[in-house]
2 protein chains.
Amino acid sequence: MVTSKDVAALAGVSQSTVSYVMSGSRSISPETRARVEEAMRELGYHPNASARALAGRRTHVLGLVVHVTARTELAGVLPFIETITAAARERDYDVVLVTADEGRAGLERLARRGIVDAFLVMDVTRRDERVETLAALGLPTVLMGRPDDPRGLHWVDVDGGRAGELAVEELVAAGSETLVVIGEPIGAPSGEHRFIADFEVGAGRAAERADVAAEVVRPPEPGWPGVLAIRDRLVRGGGVRGGIVARTPRVAERVLHLLIEAGFDPARDIGLVAMCEDDVAQRLRVPVTNVSADSRQHARRAVDALFAQLRGGAEPADPQLVTPTLTRRATTSARRVRRPARG
Amino acid sequence: MVTSKDVAALAGVSQSTVSYVMSGSRSISPETRARVEEAMRELGYHPNASARALAGRRTHVLGLVVHVTARTELAGVLPFIETITAAARERDYDVVLVTADEGRAGLERLARRGIVDAFLVMDVTRRDERVETLAALGLPTVLMGRPDDPRGLHWVDVDGGRAGELAVEELVAAGSETLVVIGEPIGAPSGEHRFIADFEVGAGRAAERADVAAEVVRPPEPGWPGVLAIRDRLVRGGGVRGGIVARTPRVAERVLHLLIEAGFDPARDIGLVAMCEDDVAQRLRVPVTNVSADSRQHARRAVDALFAQLRGGAEPADPQLVTPTLTRRATTSARRVRRPARG
DNA sequence: GTGAAAGCGCTAACAT
DNA sequence: ATGTTAGCGCTTTCAC
């Protein structure tokens with residue numbers, strides 16, 4: 001095994017100089033730096049992680065806690081993982097994926113044995129058991145998702161209230177006078193996520209302000225004939241224009257198919273706004289107006305917050321809510337009649 | 001931080017005794033052991049992973065390399081991850097999930113920096129680039145999936161040839177005289193996996209032996225009307241009974257729906273055998289006869305092989321192919337007429 | 001059956 | 001701008 005001692009010998013410097021060249025924590029003359037780096041290259045040197053962690057009290061590994069269940073849509077998680085891994089590598093950190101199977105005990109082991117020195121936790125629910133464990137461990141931690149009681153931990157989440165408002169305001173501006181928000185299917189987690197609750201509240205608030213009727217429904221899985229009834233209600237009575245808010249890409253896709261199948265033109269007869277990633281909204285059979293928060297940006301924010309803590313006690317004072325944006329596409333642009341677009 | 005020194009002091013023994021109590025690598029009197037364990041409990045001791053790795057030249061971490069792409073069906077990977085993690089923990093090993101995004105360079109870093117001391121690689125293709133990298137690294141490694149040239153690395157894979165034979169033999173026994181094997185959809189990886197290639201060869205071989213016509217098709221995604229044509233061909237001409245082999249659960253589900261929709265009774269009119277997990281086969285609209293290899297068993301085999309290497313040079317002499325089994329369900333049991341069941 | 005002591009390969013004061 | 005040195009918390013010879 002090639003050690004920093006070998007590098008030092010070949011470069012004709014002391015071992016500590018080699019260390020300082022790597023960490024950059026003290027100034028090195030260009031010539032020395034060059035000689036050391038050359039020696040490293042020549043020997044194919046890789047610093048030993050254990051030794052570094054032991055001496056430096058820092059593992060340079062962060063634990064990314066992903067609650068993988070059979071339900072998990074990997075596609076949605078992937079951009080997060082990629083962004084986080086890349087951002088970590090930029091700071092010379094490795095990422096270990098912690099699957100939830102070991103639960104709280106797993107987090108304890110990882111922390112106490114000094115395998116990781118920070119946690120990034122995805123998909124945190126309102127009363128997530130892990131929050132307490134993590135708070136007790138005292139390692140730098142960022143939660144993705146807002147718990148009711150963060151216990152002093154830093155969290156980052158998309159502003160659900162704003163997302164709901166945006167969706168409803170857009171439909172209203174496009175002429176809808178009665179709205180249905182289609183949420184998570186029955187059986188799926190719903191009340192557990194702060195974002196979802198806030199979304200519904202925000203949607204309701206905006207509907208009230210605009211004086212339009214709004215209702216939240218959860219479709220039964222999987223046959224899901226309920227949407228037909230919803231559609232009928234939305235268009236019945238002639239003259240009353242309906243609008244649909246789809247809380248998830250799945251719902252959006254489904255609604256779109258059903259509307260088209262039933263002979264509607266989603267761009268004209270019924271407004272539709274979906275909460276989903278831009279690329280998904282773009283690729284549906286009809287481009288769907290959508291509300292989204294870029295997940296890469298979201299993830300980067302989380303990592304930045306984490307490294308701020310790692311560098312030394314940045315308090316969770318910085319904005320923790322990510323503001324979503326609305327992108328107008330076909331499903332709300334055709335009927336823009338009664339009110340101004342920025343109503 | 002509580003160290004083994006603290007434990008030693010409290011238990012009134014030397015630090016090395018504490019170490020030996022943990023490793024079990026030398027005999028300790030019951031009383032001493034009890035005192036030490038009590039002290040550990042009292043102090044809430046957790047051995048420091050870096051120190052242990054540095055002194056012991058073993059990280060007690062294994063890298064589980066999962067090639068996560070947007071296409072990845074997480075549901076299928078999950079039992080593997082769970083089984084592997086559990087089996088590793090039993091041996092006091094932690095698992096870090098290595099996503100493929102960093103590719104070969106990532107594996108190098110993990111190995112050279114001494115972050116992991118073994119690799120378990122999932123979903124290995126016939127000419128997987130990673131195989132060469134891994135062989136060069138020289139760490140204990142088990143590949144899940146059989147490369148054309150394993151470079152001396154241990155691999156574990158399901159016997160695809162046998163799987164194909166089993167499926168065809170069952171259909172023939174159930175009276176099919178012409179067969180269609182429906183493989184991966186166009187666009188999905190197909191020729192890359194040894195298992196799939198062997199499956200088709202095995203199916204062809206069995207068909208030839210039984211003197212029935214067989215053909216392999218790949219459905220186009222996503223509308224997939226092709227199956228209708230297949231169905232028509234299978235039932236046309238009266239009297240010639242058809243059989244379908246579905247290579248994946250998705251295909252099986254699809255075929256089943258289409259057959260039922262078209263007014264066929266899959267248990268009577270057309271034989272169907274799917275390559276998929278038992279629980280999936282069981283839960284389809286009609287229980288489908290299936291060929292499977294239990295993934296937990298498969299995973300456990302891989303882990304066992306890995307720890308055999310870790311303990312010291314077990315050569316890849318043990319059986320590396322996992323034999324699949326067929327479970328007869330509704331879709332082949334109704335028409336068992338012409339030949340004996342074990343034909 | 002148990003202890004003492006020498007490292008494992010780094011980092012980070014403290015030197016100069 | 002660089003070198004010296006004392007650990008980090010464990011494992012593992014030796015010794016008894």
Side-chain angles (χ1 to χ4, degrees), chain A residues 1-37 39-40 43-61 92-94 109 111-115 117 310-312, chain B residues 1-37 39-40 43-61 92-94 109 111-115 117 310:
Chain A
M1 174 183 243
V2 181
T3 73
S4 64
K5 216 168 171 176
D6 302 328
V7 174
L10 180 57
V13 299
S14 78
Q15 200 183 12
S16 67
T17 297
V18 175
S19 175
Y20 285 120
V21 165
M22 294 192 286
S23 71
S25 65
R26 95 177 177 189
S27 53
I28 303 280
S29 77
E31 306 83 55
T32 304
R33 170 180 301 279
R35 278 215 317 284
V36 170
E37 283 171 347
M40 287 177 170
L43 296 173
Y45 171 71
H46 289 261
N48 180 283
S50 303
R52 172 148 85 142
L54 183 57
R57 284 99 190 292
R58 209 152 252 210
T59 64
H60 285 253
V61 171
D92 195 22
Y93 262 72
D94 272 292
R109 246 208 6 274
R112 298 244 195 265
R113 293 197 167 190
I115 292 173
D117 45 36
L310 237 17
R311 257 183 243 109
Chain B
M1 176 182 240
V2 180
T3 72
S4 64
K5 217 168 170 175
D6 302 327
V7 174
L10 180 58
V13 298
S14 77
Q15 198 183 16
S16 65
T17 298
V18 175
S19 176
Y20 285 121
V21 165
M22 295 192 288
S23 71
S25 65
R26 99 175 173 189
S27 52
I28 304 281
S29 76
E31 305 83 57
T32 304
R33 171 181 300 281
R35 277 215 318 285
V36 169
E37 282 172 347
M40 287 177 169
L43 296 173
Y45 171 71
H46 289 261
N48 180 283
S50 303
R52 172 147 86 142
L54 182 56
R57 286 96 191 294
R58 208 152 251 209
T59 65
H60 285 254
V61 171
D92 196 22
Y93 262 72
D94 272 292
R109 248 210 3 276
R112 296 246 196 266
R113 293 196 167 191
I115 292 173
D117 44 35
L310 236 17

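Below, read A as the first sequence line, B as the second, and so on, with proteins coming before strands; counting in each chain starts at 1.
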Does B:S4 have a side-chain nitrogen or oxygen under 4.0 Å from the phosphate oxygens OP1 or OP2 of D:dC10?
yes
Just how far, in rounded Å, is C1' of C:dC10 from NE2 of A:H46?
16 Å
Whole-Å distance, A:D92 CG to C:dT11 P, equals 10 Å
Once you apply a heavy-atom cut-off of 4.0 Å, does B:S25 come out as touching a base, just sugar-phosphate, or nothing?
nothing
Rounded to the Å, how far apart are A:Q15 CD and D:dT5 C1'?
11 Å
Output the rounded distance in Å from CG (A:D117) to P (D:dC8).
19 Å
Check whether any side-chain N or O of B:R35 sits under 3.5 Å from a backbone N or O of B:A11 as a donor-acceptor pair, and report yes or no.
yes
Measure the distance from NZ on A:K5 to C1' on D:dG3 and round it to the nearest whole Å.
15 Å
Looking for any heavy atom pair under 4.0 Å, which part of the strands does B:R26 touch: base, sugar-phosphate only, or nothing?
base
Please report the distance, rounded to the nearest Å, between OH in A:Y20 and P in D:dT5.
15 Å
Residue whose closest nucleotide on DNA chain C lies nearer the 5' end, A:T3 versus B:S14:
B:S14
Base, sugar-phosphate or nothing for B:V13? Non-hydrogen atoms, less than 4.0 Å.
sugar-phosphate
Determine the contact category for A:T17: base if any of its heavy atoms lies under 4.0 Å from a base atom, sugar-phosphate if only primed atoms, P, OP1 or OP2 are that close, otherwise nothing.
sugar-phosphate
Indicate yes or no: does B:D92 engage B:R52 in a salt bridge with an N to O separation below 4.0 Å.
yes
Among D:dC8, D:dT2, D:dG9, which nucleotide has an atom closest to any side-chain atom of A:S29?
D:dT2
Using a 4.0 Å heavy-atom cut-off, does B:S16 contact any base of the nucleic acid, only the sugar-phosphate backbone, or nothing at all?
base
Is the side chain of B:D117 donor-acceptor paired with the backbone N or O of B:T59 at a distance under 3.5 Å, no angle test?
yes
Length of the line joining B:R57:CZ and C:dA6:P, which is rounded to integer Å:
17 Å
Taking the nucleotide of DNA chain C with the nearest heavy atom to each, does B:L54 or A:S19 sit closer to the 5' end?
B:L54
Counting the atoms with a prime plus P, OP1 and OP2 as sugar-phosphate, which does A:T32 contact under 4.0 Å by heavy atoms, base, sugar-phosphate, or nothing?
sugar-phosphate
Hey, is the main chain of A:N48 close enough, under 3.5 Å, to the side chain of B:R112 for a donor-acceptor pair?
no
To the nearest angstrom, the CE-C1' distance between B:M1 and D:dC10 comes to 11 Å
Without hydrogens or angle criteria, can the side chains of B:S29 and B:T32 be said to hold a donor-acceptor pair below 3.5 Å?
yes
